[in-house]
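Right, one structure below, let's go through it.
Worth saying up front: this structure is predicted, and the values here are computed from it rather than measured. Nothing fancy with the numbering, it's 1 onward along the sequence.
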Amino acid sequence: MSEDSNRSVGEPAQTLSREEKQALLHVARQALCEYLGEGKVYDFKTDSRALLQPGAVFVTLRQRESGDLRGCRGEYMASRPLVDSVIHMSIASATDDPRFPPVTIGEVADLAIDISALTPLRPIRPDEVVVGRHGIRIVKGGRSGLLLPQVPARYGWDSEQFLNWVCRKAGLPDNAWRSEGIELYGFESEGWGELDEAGD
């Protein structure tokens, strides 16, 4: 890997103000309420340059009391404005996570929302992965898997465990990241949630 590409993995995620983060959390919750309650896709109008820039996000839903996962969906390529990505991934996290039944409108009040805004993916070597800093996407053939930077920190994994688990997420055997023909990409993210102090 070139020195330039190595630096690009370490580019910080787009920094948003506290007000912009709070606005996106409001957008995510309103998107859930309108879609699950009325079948409508929330139409949020803004002239904020930060919210209208292209952005890739993951939206995670958790049970407010227990912290248990209730749904998570996202996209790793910035193909639309950040605010639109939040709207669509909020809906997808509630309706299109195959691990869970669809969220109902009655559940929304008991869910906490987390948003992670991703930097562009860049090739990364296994020995460059820093737990707590990098998220990982692995690709082999028609299989792929992605885990966000906060996942290994939540479970106390080291870098090797993290790489093994992203292999499992892709339906690949542990240690597949050591084999030939593997594509490994790293990224960083800026994450915030409704339960964070001050929304930061």
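In terms of heavy-atom proximity, C167 sits nearest to P173 at CB-O, 3.5 Å. Looking at every heavy atom in both residues, E20 comes nearest to A50 through OE2-CB, 3.4 Å. Counting all heavy atoms, side chain and backbone alike, E194 lies closest to L111 at OE1-O, 3.8 Å. Taking every heavy atom of both residues into account, I105 and C33 meet most closely at CD1-O, 3.7 Å. Nearest heavy-atom pair across A176 and L172 is CB-CB, 3.9 Å. Residues S90 and A31 come closest through the heavy atom pair CB-CB, 4.4 Å.
Note that CD of E190 and NZ of K21 are 4.0 Å apart. Values are rounded to the nearest 0.5 Å. The distance from the CZ atom of R80 to the CD1 atom of I87 is 9.5 Å, given to the nearest 0.5 Å. One distance of note links CD1 of I138 with CG of L146; it measures 11.0 Å at 0.5 Å rounding. Once rounded to the nearest 0.5 Å, the distance linking CD of E180 with CD1 of I182 reads 10.0 Å. Here the straight-line distance linking atom CE of M89 with atom OG1 of T60 works out to 12.0 Å at 0.5 Å rounding.
Counting only heavy atoms from C-beta outward, the side chains of P54 and L82 never approach each other to under 4.5 Å. Looking at heavy atoms from C-beta onward, Q161 lies out of side-chain contact with P152 at the 4.5 angstrom threshold. By the 4.5 Å heavy-atom criterion applied to side chains, E75 and H88 are not counted as neighbours. Using a 4.5 Å heavy-atom cutoff, the side chains of I136 and L147 are not in contact. Considering only heavy atoms from C-beta on, V103 stays 4.5 Å or farther from L32 through its side chain. Under the 4.5 Å side-chain criterion, counting only non-hydrogen atoms from C-beta, L184 is in contact with L163. T95 is listed as a side-chain neighbour of L36, based on a closest heavy-atom distance under 4.5 Å. L51 places none of its side-chain heavy atoms less than 4.5 Å from the side chain of V86.
Partners of E34 by side chain to side chain contact (heavy atoms under 4.5 Å, CB included), not counting sequence neighbours, listed by chain and number: Q30, K40, Y42. Partners of D174 by salt bridge (charged side-chain N to carboxylate O under 4.0 Å, His left out), not counting sequence neighbours, listed by chain and number: R168. Under the salt bridge (charged side-chain N to carboxylate O under 4.0 Å, His left out) criterion, D110 pairs with no residue at all, not counting sequence neighbours. When the salt bridge (charged side-chain N to carboxylate O under 4.0 Å, His left out) test is applied to R137, no partner is found at least two apart in sequence or on another chain.
When atom types are taken as modelled, the side chain of R73 and the backbone of S93 share no donor-acceptor pair closer than 3.5 angstrom. Judged purely by atom type and a 3.5 angstrom limit, R70 has no side-chain atom pairing as donor or acceptor with the backbone of L61. At least one donor-acceptor pair under 3.5 Å links the side chain of D97 to the backbone N or O of C72. Between the E107 side chain and the T104 main chain, a donor and an acceptor come within less than 3.5 Å of each other. Put simply, the side chain of S66 gets close to the backbone of D68: a donor and an acceptor are under 3.5 Å apart. In terms of modelled atom types and a separation under 3.5 Å, the side chain of S85 and the main chain of P81 share no donor-acceptor contact. In this structure, the side chain of W157 does not engage the main chain of F162 through any donor-acceptor pair within 3.5 Å.
Taken together through direct or relayed side-chain contacts under 4.5 Å among Ile, Leu, Val, Met, Phe, Trp and Tyr, W165 and Y76 form part of one hydrophobic cluster. Cluster membership for V130 and L118, using ILVMFWY side-chain heavy atoms within less than 4.5 angstrom, is not shared. At a threshold of 4.5 Å between side-chain heavy atoms, the hydrophobic network of Ile, Leu, Val, Met, Phe, Trp and Tyr places V151 and L121 in one connected group.
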Worksheet item: Can you list the steps and then say if D114 with V59 is a side chain to side chain contact (heavy atoms under 4.5 Å, CB included)?
Response: CA-CA 6 Å; D114 293 321; V59 175; over 6 Å; no

Practice prompt. May I have the step-by-step check of side chain to side chain contact (heavy atoms under 4.5 Å, CB included) for L25 and W192, ending in yes or no?
Written response: CA-CA 9 Å; L25 288 170; W192 65 98; 3.6 Å; yes

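Inspection of the Q150 and S116 side chains reveals an N or O donor paired with an N or O acceptor under 3.5 Å. One side chain, N164 or W177, offers a donor N or O that lies under 3.5 Å from an acceptor on the other.
Annotation for F100: hydrophobic cluster partners, listed by chain and number, are L69 (ILVMFWY side-chain heavy atoms under 4.5 Å, direct or chained). Other members of a hydrophobic cluster containing V131 are absent, since no ILVMFWY side chain comes under 4.5 Å of it, directly or through relayed contacts.
With salt bridges taken as basic N to acidic carboxylate O contacts below 4.0 Å, none links K140 and E183. Between E160 and R178 there is a salt bridge, with a side-chain nitrogen of the basic residue lying less than 4.0 Å from a carboxylate oxygen of the acidic one.
Other residues, nucleotides and ligands contribute more than 12 heavy atoms inside 6.0 Å of the CZ atom of R99. Under a cut-off of 6.0 angstrom, the local environment of CD in E38 is crowded, with over 12 non-hydrogen atoms contributed by other residues, nucleotides or ligands.
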